[in-house]
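Read the structure below first, then the notes.
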Amino acid sequence: LTPEVVRSRAEALATPPFPNPLLPLMELRYYEYKKLLKPAEVSAFYAKIAGPDDGPRLATGPEEERLKIVQRWLSE
């Protein structure tokens, strides 16, 4: 995988609809872990998926805040 291929995949992942937003978010986090996406890119993609408020908090917020957001989706 190259960063260019991953960015293209990330764009596709960040395109609605999102039946289960956790799946694309996890994949994006994996790409960040592998250094194929930069943290700022991940944050922008998270905002597209989870919204302008929740996305950045999911990307860089404290664990407690991230868990609250994820738990909302798990309870649906």
Side-chain angles (χ1 to χ4, degrees):
L1 287 173
T2 65
E4 294 77 26
V5 170
V6 168
R7 278 188 205 94
S8 177
R9 172 68 179 150
E11 286 291 343
L13 289 170
T15 302
F18 309 110
N20 181 352
L22 293 176
L23 298 176
L25 294 174
M26 288 188 307
E27 189 171 333
L28 290 166
R29 183 64 74 194
Y30 171 78
Y31 294 141
E32 180 183 20
Y33 171 77
K34 288 298 200 175
K35 307 274 190 243
L36 295 165
L37 285 175
K38 296 175 184 170
E41 293 173 308
V42 172
S43 184
F45 288 123
Y46 270 38
K48 288 182 178 183
I49 295 169
D53 294 327
D54 289 342
R57 288 189 309 193
L58 280 170
T60 60
E63 183 177 353
E64 184 177 303
E65 283 186 29
R66 295 190 319 256
L67 286 173
K68 285 179 185 178
I69 295 166
V70 169
Q71 293 208 352
R72 280 187 299 188
W73 292 326
L74 293 175
S75 65
E76 292 178 356

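In what follows, residues are counted from 1 in the order of the sequence shown. Keep in mind that this is a model prediction, so the values were computed, not measured.
Linking Ile, Leu, Val, Met, Phe, Trp and Tyr whenever their side-chain heavy atoms come within less than 4.5 Å leaves I69 and L67 in two separate clusters. Criterion: ILVMFWY side-chain heavy atoms under 4.5 Å apart, direct or through other members. Under it, Y33 and V42 are not part of a common hydrophobic cluster. Under the 4.5 Å side-chain heavy-atom criterion for Ile, Leu, Val, Met, Phe, Trp and Tyr, L22 and L37 are members of the same hydrophobic cluster. Cluster membership check: L23 does not share its hydrophobic cluster with Y30, using side-chain heavy-atom separations under 4.5 Å among Ile, Leu, Val, Met, Phe, Trp and Tyr.
Counting only heavy atoms from C-beta outward, the side chains of R7 and Y31 never approach each other to under 4.5 Å. Side-chain atoms of E11 and K48, non-hydrogen and from C-beta on, do get closer than 4.5 Å to each other.
Under a 4.0 Å N-O distance rule, the pair K68/E65 does not qualify as a salt bridge.
Applying the salt bridge (charged side-chain N to carboxylate O under 4.0 Å, His left out) test to residues at least two apart or on different chains, the pairs with a partner in residues 19-28 are R9-E27.
Residue E4 qualifies as enclosed at atom CD: its count of foreign heavy atoms under 6.0 Å is above 12.
F18 contributes atom CZ, which lies 8.5 Å from atom CG of L13 (distance to the nearest 0.5 angstrom).
Taking R66 as the reference, nothing meets the salt bridge (Lys or Arg N to Asp or Glu O under 4.0 Å) condition, with sequence neighbours excluded.
When all heavy atoms of Y46 and A59 are compared, the closest pair comes out as CD2-N, 3.5 Å.
I49 pairs in a side chain to side chain contact (heavy atoms under 4.5 Å, CB included) with only one of the listed residues (L58, D54, L28, T15), which is L28.
Using modelled atom types, one side-chain atom of T60 and one backbone atom of P56 make a donor-acceptor pair closer than 3.5 Å.
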